[in-house]
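Let me begin by presenting the structure, written as structure tokens, before commenting on it.
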Amino acid sequence: MKARIHVTLKNGVLDPQGKAIEHALGNMGFDGVEAARQGKYIELDLAAGTTKEAVDEMCRKLLANTVIENYSIELE
Amino acid sequence: MKSAVIVFPGSNCDRDMAVALEKVTGKKPEMVWHQSADFEKVDFIALPGGFSYGDYLRCGAMSARSTVMKEVIKRAEAGVPVLGVCNGFQVLTETGLLPGALMRNASLHFVCRDVELEVVNDASLFTNGYTAGSNITIPVAHHDGNYYADKETLDALEGEGQVAFRYAEDINGAQRRIAGVLNKKGNVLGMMPHPERMIEPALGGSDGRILFESVMNRLG
């Protein structure tokens, strides 16, 4: 089974890299980009039967820094 | 005063830290590799600057979960003084020993130059040789020194005297220009500027030496 994990900055936390992406897209002539936020995508191959709770713990303890980041988990 | 410098793969200010500690304390610090589960009893532990584990995932994230840090956390919680400089500061926030997080500089530029710091707390173990309100000059060299914490945490830090240093002017976007933070007990200090690079006139100044002398004065 696989876990697909998205780690994103919390609302209200300034994202300078996202800002730079937003400006670059504007400079390239792409209109209508009102904001960009950069995050991380992590894919884990897991042994069958690994629980969502275990993946949640992995996120809390390492994959995300919950001071500044949120995460979401999809299992398949 | 016996000290130890923790060395991670990718640390690059460990030897500068060792030189500073030896010059000030007169004793060579023990260099402790990140895989050590235990090390000699020491009076002072330093986490040096650098790019430990290549800054993978987040700066300091891997180091904070390394074998040696389990022991460092245990000792810090028992009251042993711990100083984290630059990457060491990032490691300390990742362990939770210090509140907040260090994010990419707001300018996105790597900042590498001498900066003016305002001494905010002159009573701590690490800062008792300084005078609150005075400015000192210490170099910085970082890409991720933009200190972030939520408003309640920042208010608490300021209210409890846990802000040790502030940048005299904004250099990286850090909230409230915070450059160095103490834990509640005052035995853990994390700071982005490098005091170990400013320990004698030949290096451009001695303002950093006072930090190590402050610790020496208290610990003897």
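Labels below follow one simple rule: chain letters A, B, ... track the order of the sequence lines, proteins then strands, and each chain is numbered from 1. The figures that follow rest on heavy atoms only: side chains count, while hydrogens, waters and symmetry mates do not.
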Exercise. What part of A:Lys61 lies closer than 4.5 angstrom to a heavy atom of chain B: side chain, backbone, both or neither?
Worked result: backbone
Can you tell which part of [X] gets under 4.5 Å to a heavy atom of chain A, answering side chain, backbone, both or neither?
X        : answer
B:Asp150 : neither
B:Arg65  : side chain
B:Leu108 : side chain

Exercise. So which of A:Leu14, A:Val7, A:Val13, A:Ile42 has the biggest tally of heavy-atom pairs under 4.5 Å with chain B?
Worked result: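 The candidate making the most pairs under 4.5 Å is A:Val13.
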Exercise. Considering all heavy atoms of both residues, which atom of B:Arg166 and which atom of B:Arg176 are nearest to each other, and what is their separation?
Worked result: NH1-O, 3.0 Å
For this session: State whether B:Phe39 and B:Arg75 meet the cation-pi test: NZ (Lys) or CZ (Arg) under 6.0 Å from the six-membered ring centroid, and within 45° of the perpendicular axis.
Result: yes
For this session: Hey, could you give me the CG/OH distance between B:Asn135 and B:Tyr130, rounded to the nearest 0.5 Å?
Result: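 Reported to 0.5 Å precision, the distance equals 12.0 Å.
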Problem set entry | Verdict with supporting geometry, B:Val80 and B:Asp43, side-chain contact (heavy atoms from CB on, under 4.5 Å) | CA-CA 6 Å; B:Val80 174; B:Asp43 309 304; over 6 Å; no
For this session: Evaluate the ring planes of B:His34 and B:Phe8, with Trp represented by its six-membered ring, and classify them as parallel (under 30°), tilted (30 to 60°) or perpendicular (over 60°).
Result: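 Aromatic pair B:His34/B:Phe8 classed tilted.
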